[in-house]
There are 4 protein chains.
Amino acid sequence: MTDVKGNRAKGPAGQADPDLYLRVVERRNDGVVIRGAKAHQTGAVNSHWMLAMPTVRLTEAERDYAIVAAVPVDAPGLIYVYGRQPGDTRSLEGMIDVGNAGFAGQEALVIFDDVFVPSEGVFLDGEHEFAADLVERFTNYHRRSYVCKSGVGDVLIGAAALIADYNGVPRASHIRDKIVEMSHLNETIFGLGMAASHESFPRPAGNWEPDPLLANSCKLDVTRYPYEIARLAQDLAGGAVVTLPSEQDFAHPEIGPLLDKYFSGRPDISTVDRVRILRLIENMTVGRNAVGYLTESLHGAGSPQAQRIVIERTTDLEAKKRLAARLAGIAEQ
Amino acid sequence: MTDVKGNRAKGPAGQADPDLYLRVVERRNDGVVIRGAKAHQTGAVNSHWMLAMPTVRLTEAERDYAIVAAVPVDAPGLIYVYGRQPGDTRSLEGMIDVGNAGFAGQEALVIFDDVFVPSEGVFLDGEHEFAADLVERFTNYHRRSYVCKSGVGDVLIGAAALIADYNGVPRASHIRDKIVEMSHLNETIFGLGMAASHESFPRPAGNWEPDPLLANSCKLDVTRYPYEIARLAQDLAGGAVVTLPSEQDFAHPEIGPLLDKYFSGRPDISTVDRVRILRLIENMTVGRNAVGYLTESLHGAGSPQAQRIVIERTTDLEAKKRLAARLAGIAEQ
Amino acid sequence: MTDVKGNRAKGPAGQADPDLYLRVVERRNDGVVIRGAKAHQTGAVNSHWMLAMPTVRLTEAERDYAIVAAVPVDAPGLIYVYGRQPGDTRSLEGMIDVGNAGFAGQEALVIFDDVFVPSEGVFLDGEHEFAADLVERFTNYHRRSYVCKSGVGDVLIGAAALIADYNGVPRASHIRDKIVEMSHLNETIFGLGMAASHESFPRPAGNWEPDPLLANSCKLDVTRYPYEIARLAQDLAGGAVVTLPSEQDFAHPEIGPLLDKYFSGRPDISTVDRVRILRLIENMTVGRNAVGYLTESLHGAGSPQAQRIVIERTTDLEAKKRLAARLAGIAEQ
Amino acid sequence: MTDVKGNRAKGPAGQADPDLYLRVVERRNDGVVIRGAKAHQTGAVNSHWMLAMPTVRLTEAERDYAIVAAVPVDAPGLIYVYGRQPGDTRSLEGMIDVGNAGFAGQEALVIFDDVFVPSEGVFLDGEHEFAADLVERFTNYHRRSYVCKSGVGDVLIGAAALIADYNGVPRASHIRDKIVEMSHLNETIFGLGMAASHESFPRPAGNWEPDPLLANSCKLDVTRYPYEIARLAQDLAGGAVVTLPSEQDFAHPEIGPLLDKYFSGRPDISTVDRVRILRLIENMTVGRNAVGYLTESLHGAGSPQAQRIVIERTTDLEAKKRLAARLAGIAEQ
Ligand SMILES: Cc1cc2nc3c(=O)[nH]c(=O)nc-3n(C[C@H](O)[C@H](O)[C@H](O)COP(=O)(O)OP(=O)(O)OC[C@H]3O[C@@H](n4cnc5c(N)ncnc54)[C@H](O)[C@@H]3O)c2cc1C
Ligand SMILES: Cc1cc2nc3c(=O)[nH]c(=O)nc-3n(C[C@H](O)[C@H](O)[C@H](O)COP(=O)(O)OP(=O)(O)OC[C@H]3O[C@@H](n4cnc5c(N)ncnc54)[C@H](O)[C@@H]3O)c2cc1C
Ligand SMILES: Cc1cc2nc3c(=O)[nH]c(=O)nc-3n(C[C@H](O)[C@H](O)[C@H](O)COP(=O)(O)OP(=O)(O)OC[C@H]3O[C@@H](n4cnc5c(N)ncnc54)[C@H](O)[C@@H]3O)c2cc1C
Ligand SMILES: Cc1cc2nc3c(=O)[nH]c(=O)nc-3n(C[C@H](O)[C@H](O)[C@H](O)COP(=O)(O)OP(=O)(O)OC[C@H]3O[C@@H](n4cnc5c(N)ncnc54)[C@H](O)[C@@H]3O)c2cc1C
């Protein structure tokens, strides 16, 4: 969905280069040719199909940008440029320093270098007046779906609790209090996601759409709380989360045993397990998976300001004003 | 429910005066005689029946405190001492300075000065081992019910939006942003209440009990966000919220017209309406209804620390640790 | 300083009523006649002289509003209208429920009903181009002086610590942690005030002016932290802070002893002392002195947004951009 | 200073391995032999001398741990194990993706593998009763010195402002407001550092020691605000901060020009400059320099809880209680 957007002060029609939003460059009898690029596409390189749609409200002059199209990921003209992630090259190294050797994600820039889309893959073409609505309806689902970050939060809370165990201080009152705070923030995200669905409403097509006010409130909390949970996890981890030596050093015949000795925590826990959990916390707070847990929480499905705009529009301020006026004894206008 | 509790470092059995928690002082064939006092009873003087129950976990030595009893509010021996509220005497004055001339609440200290309860009104007597469970189940409902504060929040948000209108600056970006923030915080409370019910579970008796983790998270947010919403409402109100002259001054033949002139806002709004809305904001943030909107949000259904204790107990930390251990590559122990 | 301002969307010249900002209505040989009103004047009724000055930047068309004048408080034409405070009538009652029987403040609306100011009391008349500068220089001092709220904070922290003592739980970990947090926030305010003076700079006139960025940062913290300190103080106080019966009930021959019994805390502390400290906390958080500790912290010397505007202007963003560009390897433009 | 500490629930004497705190293992006529390790030593590999001192309060049984010693960094028996940093291998790559090609730091584990220290390098040996005092005095300076993070903050604020420029939206109200917030938080840190020095006091030796309450409050703010500033910087940056392709892709003859086209921002800014500033923000928030700006802000000079303990001890609570008691009308005890 996300166009590269160039100069953010202008819409598609105002850009120096017309390709900075995806657009139709040619209309043929049997389909359209599209050009442009979609940025930050999560999972693009492990998908089968791609669905492109506009990312902003469009004016009449921007009709060519009103395109919704499905293309197989190997359609000619599609170019994928794999994005870098913080600490990405760790994944090439070994099993421990990577933090989470089993799972990671990826984003790609997807360039549509004049891609032909046959008519059956075109769902919208030129009806610019539906773009804003499409974006809003899509984001109602998408922002509600950011409740998924509470699942990632579960992992980080578990990791924080484990390192406190391994350090020998799980019962210290500030440690327990910080875990309570993390859990509270995480459940606040979870609860808002549930509520947005609970309060969903049916569309004529038969689908149920999440309540926009709650879905956007959910996402707005997601732009804040994971950062605080990450900070608290680093607090419980201690400084080693960013200063541990390499797993190659731990494997070194001479240095390894010294590291094993000096990075030990509670005596009944192996040093390597302590290291593993520290590396997981690193991975999730300043490593590859910080992409998914932090920055994507901020920008995915729209930056915080985008949620605020919807919250403003969907808050029924007039109803609230009437309540206040009535209780204040102000006669109806 | 809330006993007066004397020395908070001790339970019922440890108090210098045994009456500081409600207890059975005499058992007769046809009922029990109870003594003690319940503090902060909202709505006590406009109720028909009162239901007394323990407020803490009880030990065997505290069996006499394990009493649940229903009494009509005019049972002999019951004494009500009406509590004061911030700015309470305003209610005796007029119609404007009171802020909200139609509605207010009250709390009372209810003293049980040897009240006889016939057996049919006694639901628990001596089974101390159920006290903790009773308290917890009750608070699962009660804390979830604090979602009601989002309704009060609606009023205050409406009042803040109105005063911004009356001041002429509803479109200023920081004003709009503060209203968005208020709405967001308010919906976060609302959403968590919904979620706690959505995730409720059935008890054998057939009742559905709210999810404790979400209900307590809801209440914990209630101990924070109304204070911030109130601060933002005062921000939008301006200083007049605490410096307005009396309505008697406004009614004064000589001074009144001057006040009408000098406290005007937007020219098409009557000064008295502007004053009314300012008085409502005063009422809700530093007046009588701050009791219900702020302090009760903090302590009602238990002080914040009580929620944290339940959050700690109901967070499934072991499950979260297992997730983290698995992703970190730590072999199962 | 603070004009009543009417429609906040307009400056002095845009008001429906030209008197909504103080202005010169007549110029005589020996002085000027001024008309308008200054709102929220703290201590106005216990001062000897009043110094009026503009409250906003002025245009050329607003020359008549560019007036700085000193007048004795009993100058003919001056009218004082005493402002109400939350819970103000408590001061008429007794010694305990008032919370702080010795000290309180007051604000007044001061109306200049065509007040003559002899020339020697006029320091600025018509030089509109200096108004903005005057306001800014004045607020540099005034906002820095809001460090005074850390002194009020000392009292509230002390009150919170005392009520925890009286309740028997001064050593509970969450109580201690909350007192640490209050102290930390309070010292943050204090420190910024010190720093603003430490970094002050001399003006040609010989006076040293506080650093504007630090002075405004100090004030901006003051618009937030006292509210959080007040919330924490209410937390430690317990619900009685808003539900205690009247001191007349405590003095009642029959009810009094019961209240003395049931509102006791730690057995070695007299109930009346416990009540006194609860009343002081009420007074400072939802009573008369909440005016000085909370709302004045918000609006006094300008609402939060006013500080943000100065912070924006005095932050040397270009210098910071140069640092970033250099480290990022961007060639100088 | 920082020992590796093993089981955090125990002091030096309680560890399974006595070497987990640095200690004297042999006393000779002309000096002592020490064993143990110091973790997270910033700049260890680019220093000339190392000064080792205890990191905790010591009991009599822990006399051998009461050692302060200076050793040249090449003393026999010293082993340095270089710590990894998030995204460290970027430094081996090129000039752009590294984010800040000119500057970075490093931490090392320094193992004292039976290092001999001649008597002239020994400043404390066995006088365990001074350890706590030494730690506290040292941290008064060290925590105050964390004001340095406001300098790093300057860079990140500058970077955030630049990327907003490059994106074309420096004047958007939420952007400006976020920069104001960053600056405000940054100045709050700066101000507290200034204040701690301004309020310093002389020791008999002639040195001036920073005020402990303010120094610790400064550091405690440092454990919070940089994380929020980093979050806001990522907000302004947009998602590209974690999804940009590699500089090798930008240099690629075929793909490079496409990236140059699609990652452009404002048309008058070169894409590579936009990339450079995004990489700097990555570097400071989830890359190598996040070590110094974030995690070190949290743990350096002691974890947050260590500051809270000193704040508790240095807050003069009794004086504050007296103030409150006096105003509440409580007779002196
Ligand atoms: C980037 C960086 C640079 C540094 N540079 C230096 C340096 O140059 N020189 C130097 O000497 N040190 C340095 N430090 C070390 C720093 O002082 C320590 O990180 C800090 O004191 C915390 O110790 P730790 O890392 O062992 O964490 P831990 O002590 O393991 O702390 C982890 C968590 O457990 C808690 N905890 C620990 N023990 C207890 C307990 N007994 N009771 C309750 N809670 C407990 C902590 O509060 C924290 O929340 C640096 C650290 C970092 C991150
Ligand atoms: C307890 C107390 C004591 C005081 N003591 C003194 C004193 O001794 N002397 C003195 O001179 N003053 C005093 N003040 C006044 C203080 O300076 C003002 O309250 C403050 O400047 C705000 O002005 P206002 O109250 O008119 O609020 P308003 O200006 O009406 O502000 C209300 C809200 O509207 C916003 N707003 C207003 N205008 C605009 C605009 N054009 N664009 C965007 N947003 C806008 C504000 O930011 C704020 O959020 C005191 C105030 C208080 C509360
Ligand atoms: C407006 C209002 C309406 C209410 N309505 C009702 C009602 O209708 N019915 C009803 O039954 N109750 C009601 N309550 C009472 C409410 O449940 C109590 O206020 C709450 O449980 C706290 O008890 P407390 O007021 O005695 O405070 P305290 O228990 O004295 O608490 C004060 C502080 O001390 C702490 N503390 C207390 N004991 C300990 C301990 N042992 N260890 C550590 N910390 C401790 C608390 O966490 C808190 O921070 C109401 C309260 C308010 C404010
Ligand atoms: C990890 C990650 C995964 C993602 N996955 C996907 C995906 O799978 N599919 C997909 O389609 N997208 C995805 N996104 C993209 C995401 O939707 C965008 O990052 C988001 O919409 C912000 O756009 P941007 O990155 O271009 O930032 P920008 O739009 O450049 O925003 C940067 C800052 O500028 C502000 N700003 C921008 N324009 C304006 C304006 N006109 N006025 C005022 N302020 C403005 C923003 O509020 C923000 O503060 C992902 C993003 C991330 C970080």
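Residue contact with chain A, scored on non-hydrogen atoms closer than 4.5 Å, involves the side chain of Ile79(D) exclusively. Using a 4.5 Å cut-off between heavy atoms, Arg274(D) touches chain A through its side chain atoms alone. Both the backbone and the side chain of Ala240(D) come within contact range of chain A, each with at least one heavy atom under 4.5 Å from a heavy atom of that chain. Only the side chain of Ala16(D) comes within contact range of chain A, with heavy atoms under 4.5 Å apart. Contact annotation for Lys261(D): both backbone and side-chain heavy atoms come within less than 4.5 Å of a heavy atom of chain A. Interface remark: Ile111(A) contributes side-chain atoms only to the contact with chain D (heavy atom separation under 4.5 Å). Residue contact with chain A, scored on non-hydrogen atoms closer than 4.5 Å, involves the backbone of Thr285(D) exclusively. For Gln85(D), the parts sitting under 4.5 Å from any heavy atom of chain A are the backbone and the side chain alike.
At a threshold of 4.5 Å between non-hydrogen side-chain atoms, the residues His299(D) and Asp235(A) count as touching. Annotation: side chain of Asp249(A) is not in contact with side chain of Tyr82(D) (no heavy-atom distance under 4.5 Å).
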Checking side chain to side chain contact (heavy atoms under 4.5 Å, CB included) for the pair Asp88(D)/Arg90(A): CA distance, chi angles, key distance, verdict?
CA-CA 9 Å; Asp88(D) 44 7; Arg90(A) 289 273 176 99; 3.8 Å; yes

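For the set His40(D), Glu228(D), Glu296(D), Arg308(D), the count of heavy-atom pairs under 4.5 angstrom toward chain A peaks at His40(D). Among the candidates Asp97(A), Thr271(A), Asn283(A), Val241(A), the residue making the largest number of heavy-atom pairs closer than 4.5 Å to chain D is Asp97(A). The candidate with the highest count of non-hydrogen atom pairs below 4.5 Å against chain A, out of Gly300(D), Gly99(D), Ser264(D), is Ser264(D). Listed options Gln41(D), Glu107(D), His174(D), Glu282(D) were ranked by heavy-atom pairs under 4.5 angstrom with chain A; first place goes to His174(D). Note: Asn167(A) leads Thr42(A), Asn167(A), Leu109(A) in heavy-atom pairs under 4.5 Å with chain D. Contact count against chain D (heavy-atom pairs under 4.5 Å) is highest for Thr223(A) among Leu294(A), Ile255(A), Thr223(A). Highest contact tally toward chain D, considering only Val242(A), Leu259(A), Leu20(A), Asp113(A), is held by Val242(A) [criterion: heavy-atom pairs under 4.5 Å]. By number of non-hydrogen pairs under 4.5 angstrom with chain D, the leading residue of Asn7(A), Val4(A), Thr2(A) is Asn7(A). Chain A forms the most heavy-atom pairs under 4.5 Å with one residue out of Gly87(D), Ala108(D), Gly239(D), and that residue is Gly239(D). The greatest number of non-hydrogen atom pairs below 4.5 Å with chain A, out of Arg224(D), Arg288(D), Arg171(D), is found for Arg224(D).
With hydrogens and angles ignored, the 3.5 Å screen pairs no side-chain donor or acceptor of Arg266(A) with any backbone N or O of Arg8(D).
Summarising the geometry of Leu298(D) relative to Arg231(A), their closest heavy-atom pair is CD2-O, 3.7 Å, with the distance given to 0.1 Å. Considering all non-hydrogen atoms of both residues, Ala290(A) and Val286(D) come closest at CB-CG1, 4.1 Å. In terms of heavy atoms, Gly168(A) sits closest to Ala9(D) at O-CB, 3.2 Å.
A salt bridge links Arg84(D) to Glu93(A): at least one charged side-chain nitrogen sits closer than 4.0 Å to a carboxylate oxygen.
Each of Asp3(D), Asp19(D), Asp17(D), Val81(D) was scored for a side chain to side chain contact (heavy atoms under 4.5 Å, CB included) with Tyr262(A), with one residue passing: Asp19(D).
When only modelled atom types and interatomic distance are considered, Tyr227(A) and Gln234(D) share a side-chain donor-acceptor pair under 3.5 Å.
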